[in-house]
Amino acid sequence: AGFRDAVTAAVYGVGMIALGLHLFHGIASSVQTFGLNGPRSFPWLERTGAALALLVAAAFIAIPAGILAGLAP
């Protein structure tokens, strides 16, 4: 019911964008911590981390977006 309010949904969306940025940094840092940051592998792993972070953030943003669009009861 809270996501029917556009302001609440927008604040939630901003929070999920922050989560995505945090995950992007965390995934890249964990790869570096495990020593997998070679010149050939790190760009691929960094892109994979960015894709995962984007996927998670987009999935969570889709919830209030769907409610605001009237797709959920």
Side-chain angles (χ1 to χ4, degrees):
F3 287 143
R4 295 194 194 284
D5 177 34
V7 174
T8 303
V11 169
Y12 179 84
V14 169
M16 291 304 104
I17 291 170
L19 173 68
L21 292 171
H22 179 69
L23 286 174
F24 172 66
H25 171 72
I27 292 169
S29 293
S30 67
V31 167
Q32 196 169 22
T33 298
F34 290 125
L36 301 174
N37 60 337
R40 289 178 42 198
S41 64
F42 189 69
W44 180 82
L45 291 168
E46 190 174 41
R47 285 191 304 270
T48 302
L52 286 171
L54 181 64
L55 179 68
V56 169
F60 278 108
I61 289 172
I63 296 167
I67 292 171
L68 283 175
L71 299 175

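- The hydrophobic cluster containing Val7 does not contain Ile67, counting ILVMFWY residues as joined when their side-chain heavy atoms lie under 4.5 angstrom apart, directly or transitively.
- Among residue pairs with one or both ends in residues 46-57, none qualify as side chain to side chain donor-acceptor pair (under 3.5 Å); sequence neighbours excluded.
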Got a list of side-chain donor-acceptor pairs under 3.5 Å for residues 24-33, not counting sequence neighbours?
unit_1	atom_1	unit_2	atom_2	d
His25	NE2	Ser29	OG	3.4
Ser29	OG	His25	O	3.0
Ser30	OG	Gly26	O	3.3
Ser30	OG	Ile27	O	2.9
Thr33	OG1	Ser29	O	2.9

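- For Val56, the side-chain contact (heavy atoms from CB on, under 4.5 Å) partners are Leu19, Leu23, Phe60, not counting sequence neighbours.
- Not counting sequence neighbours, the partners of Tyr12 by the ring-ring contact (aromatic ring centres under 6.0 Å, His included) test are Phe3.
- Heavy atoms only, all atoms of each residue included: Pro43 and Gly38 are closest at CD-O, 4.2 Å.
- For the pair Gly20 and Ala53, the tightest heavy-atom approach, listed with the atom from each and the gap, is O-CB, 3.3 Å.
- Smallest separation of non-hydrogen atoms from Arg4 and Leu68: O-CD2, 3.6 Å.
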